[in-house]
Engineer: 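After the C-alpha cells below, expect a handful of questions from me.
We're numbering straight along the sequence, starting at 1. Remember, predicted model here, so these are calculated numbers, not experimental data. Read the numbers this way: they start at 1 and go in the same order the structure lists the ligands and their atoms.
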Amino acid sequence: MTAQIIDGKTIAQQVRAEWKIRADALKARGIMPGLAVIIVGEDPASRVYVANKVKACAELGLHSEHIALPANTSEATLLAKINELNNDAKIHGILVQLPVPKHNDSSKVLEAISPGKDVDGFHPMNVGALVTGNMRFAPCTPYGAMKLLEKSGVSIEGKHAVVVGRSNIVGKPMALMLLQHNATVTICTSKTVDLAKFTRDADILVVATGKPKMITGDMIKPGAAIIDVGINRMADGKLCGDVDFDSAKEVAGWITPVPGGVGPMTITMLVANTVRAAELSANQAK
Ligand code: NDP
C-alpha cells in the first residue's frame, strides 16, 4: 500500500479561504479582526514564527500588531503591555511567543491574557473549556491536525486514536479533541513500555515527540492515518518529522509529510481563532 499524502499546504489554503469569508463578513459590519503578537528577546526561530504569523494575518486582510520587546523587559512591563492589549478594542487576539526569557513566569504571563482574547488556547479557562467539551479556542497545532483529518475524510468516531507525546501544547489537547470526536484514545509517553504494541493498534496515530523518525513502518497498522507533528532540523539542514516517512508511507492509508503537513495548519488556525475571537466579541456587544 502507498499512503495518500495529506497536503497541508493545500488544505491550509482551503481553510484560510473559509475563514476569509467570515472575516470579510465581520468587516462588512465595521469590525476589523485584530491580532497582537508579543515577542520578548531576540531568538531567531521565534522571530521567524512571529513574522509568519503577522504575514498570515495581513494576507487575510486582518489588522495585526507586532510588539517586539527587549530580552531584559521586566515581567511587570510585559504584564502591563498584556493588560493594555486586553483593553484595546482593536485587538481581538493576543499571543505571547514562547518561550519567554527565564526571568518571566510563563504561566503568569499566559494567565494575564484575557481568556476571550487567548487565541493560542493556553489560558487555564480555555484548557478547562476543552476538557469539559465546550471548546472556545483550541491550541493551534492540534486544532490544525484535527482539520487535516477532517478535510482528508478520515473518520474518527469509534476509531482507536493513539497520541504519542503529552505536552500541554500538542499531545494533551490533541487527545482531548479526538476524544470529543468519539475516538477511543490512548496517550503514550517516554515512559510507555512497548510503544509499538500501542502504535500498531492505532487507526489514527498522532506523533509529537521531537524525536526524529522514531516511528517506523513496522510500528504502523496497515491503512492507518498518520499525523506527524514533529519538526526536526537534521545535520544536513533538512527538516524531518518524528515519523520515518519513507517506510511509513508504504504501510499507512494517509500520512502527513514534513515539511508541508501539520506546519502550515498551525498559523492558519491562529488566524481562524483570531476571527472567531472577533465574532464572539461582536456577538457579546450586540
Ligand atoms: P515536548 O518536548 O514538550 O513533548 C514531547 C513529548 O514526547 C513528551 O510528552 C515526551 O514524553 C514524549 N516522548 C519523548 N520521547 C518519547 C519516546 N521515545 N516515546 C514516547 N514518547 C516520547 O514537545 P512538543 O509537544 O512541544 O513538540 C513535539 C514535536 O512537535 C517537536 O518536534 C516540535 O518541534 C513539534 N511541533 C510542531 C509544531 C507545528 O507547528 N507543526 C508546533 C509545536 C511543536 P514525557 O512527557 O514522558 O517526557
Engineer: Between ligand 1 and Ile231, is the shortest N or O to N or O distance under 3.5 Å?
Structural biologist: yes
Engineer: Tell me the nearest of Val258, Thr209, Thr189 to atom 20 (C) of ligand 1, using heavy-atom distances.
Structural biologist: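 Residue with the shortest heavy-atom distance to the ligand atom: Thr189.
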Engineer: Under 4.5 Å between any side-chain heavy atoms of Thr73 and Pro70, yes or no?
Structural biologist: yes
Engineer: I'd like to know if Glu279 and Arg276 make a salt bridge, using a cut-off of under 4.0 Å between side-chain N and carboxylate O.
Structural biologist: no
Engineer: Among all protein heavy atoms, pick the one closest to atom 22 (C) of ligand 1 and tell me residue, atom and distance.
Structural biologist: Ser190 N, 3.5 Å
Engineer: Any non-hydrogen protein atom below 4.0 Å of atom 2 (O) of ligand 1?
Structural biologist: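 Within 4.0 Å of atom 2 (O) of ligand 1, no protein heavy atoms are found.
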Engineer: Going by the side chain to side chain contact (heavy atoms under 4.5 Å, CB included) test, name the single residue among Val258, Asp242, Leu239 that passes it with Asn232.
Structural biologist: Asp242
Engineer: Only heavy atoms count here, so choose which of Gly171, Ala45, Pro173, Ala208 is nearest to atom 6 (C) of ligand 1.
Structural biologist: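 Nearest option to atom 6 (C) of ligand 1, by heavy atoms: Ala208.
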Engineer: Under 4.0 Å from a heavy atom of Val164: which atoms of ligand 1 are those, numbered in the order shown and with their elements?
Structural biologist: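 Near Val164, the atoms of ligand 1 are 20 (C), 21 (N).
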Engineer: Counting non-hydrogen protein atoms only, what is the nearest one to atom 43 (C) of ligand 1? Give residue, atom name and distance.
Structural biologist: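 Sorting protein heavy atoms by distance from atom 43 (C) of ligand 1 puts Val170 CG2, 3.9 Å first.
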Engineer: Within a distance under 4.0 Å of any heavy atom of Thr266, pick out the atoms of ligand 1 and give their elements.
Structural biologist: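 Near Thr266, the atoms of ligand 1 are 39 (C), 40 (O).
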Engineer: Can you tell me which residue and heavy atom of the protein come closest to atom 9 (O) of ligand 1, and the distance to 0.1 Å?
Structural biologist: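 Checked against all protein heavy atoms, atom 9 (O) of ligand 1 sits closest to Arg166 N, 2.8 Å.
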Engineer: Do you know which two heavy atoms are closest between Ala202 and Ala224, and how far apart they sit?
Structural biologist: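 Where Ala202 meets Ala224 most closely, the heavy atoms are O-CB, 3.4 Å.
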Engineer: Heavy-atom contacts with Ile169 under 4.0 Å: which atoms of ligand 1 show up? List them by number with element.
Structural biologist: 26 (O)
Engineer: For a 4.5 angstrom cut-off between non-hydrogen side-chain atoms, does Val40 reach Val109?
Structural biologist: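 Val40 does not reach Val109 side chain to side chain.
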Engineer: Quick test of your reading of the structure: of Met265, Met214, Lys211, whose heavy atom lies closest to atom 17 (C) of ligand 1?
Structural biologist: Met214
Engineer: Counting non-hydrogen protein atoms only, what is the nearest one to atom 42 (C) of ligand 1? Give residue, atom name and distance.
Structural biologist: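 Ranking protein heavy atoms by distance from atom 42 (C) of ligand 1, first comes Thr141 OG1, 3.2 Å.
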Engineer: Under 4.0 Å from a heavy atom of Val262: give me the atoms of ligand 1 that qualify, with their elements.
Structural biologist: 41 (N)
Engineer: Output yes when Lys151 and Glu18 qualify as a salt bridge under the 4.0 Å nitrogen-oxygen rule, no when they do not.
Structural biologist: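 Answer for the salt bridge query: yes.
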Engineer: Can you tell me which residue and heavy atom of the protein come closest to atom 31 (C) of ligand 1, and the distance to 0.1 Å?
Structural biologist: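 Looking only at protein heavy atoms, the one closest to atom 31 (C) of ligand 1 is Gly210 CA, 3.6 Å.
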Engineer: Check whether Leu26 and Leu35 end up in the same hydrophobic cluster, where Ile, Leu, Val, Met, Phe, Trp and Tyr are linked by side-chain heavy atoms less than 4.5 Å apart.
Structural biologist: no
Engineer: What is the nearest protein non-hydrogen atom to atom 25 (O) of ligand 1, stated with its residue, atom name and distance?
Structural biologist: Ser167 OG, 2.5 Å
Engineer: Starting from atom 35 (C) of ligand 1, which protein heavy atom do you reach first, and at what distance in Å?
Structural biologist: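 Protein heavy atom with the smallest distance to atom 35 (C) of ligand 1: Val229 O, 3.5 Å.
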Engineer: Tell me which protein heavy atom sits closest to atom 12 (C) of ligand 1, plus the residue, atom name and distance to 0.1 Å.
Structural biologist: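 In this structure, atom 12 (C) of ligand 1 has Gly165 CA, 3.9 Å as its nearest protein heavy atom.
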Engineer: Please indicate whether Lys55 has more than 12 foreign heavy atoms, meaning atoms of other residues, nucleotides or ligands, lying under 6.0 Å from its NZ.
Structural biologist: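 No, the 6.0 Å shell around NZ holds no more than 12 heavy atoms from other groups.
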Engineer: Please answer whether the main-chain N or O of Val243 pairs with a side-chain N or O of Asp228 as donor and acceptor at a distance below 3.5 Å.
Structural biologist: yes
Engineer: Find all atoms of ligand 1 within a distance of less than 4.0 Å from any non-hydrogen atom belonging to Asn232, and give their numbers and elements.
Structural biologist: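 Matching atoms, with element in brackets: 32 (O).
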Engineer: Would a 4.5 Å heavy-atom cut-off, applied to side chains only, mark Met265 and Cys140 as touching?
Structural biologist: no
Engineer: If we only count heavy atoms from C-beta on, is the Arg22 to Trp19 side-chain gap below 4.5 Å?
Structural biologist: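 When only atoms from C-beta onward are counted, Trp19 and Arg22 do touch, with a gap below 4.5 Å.
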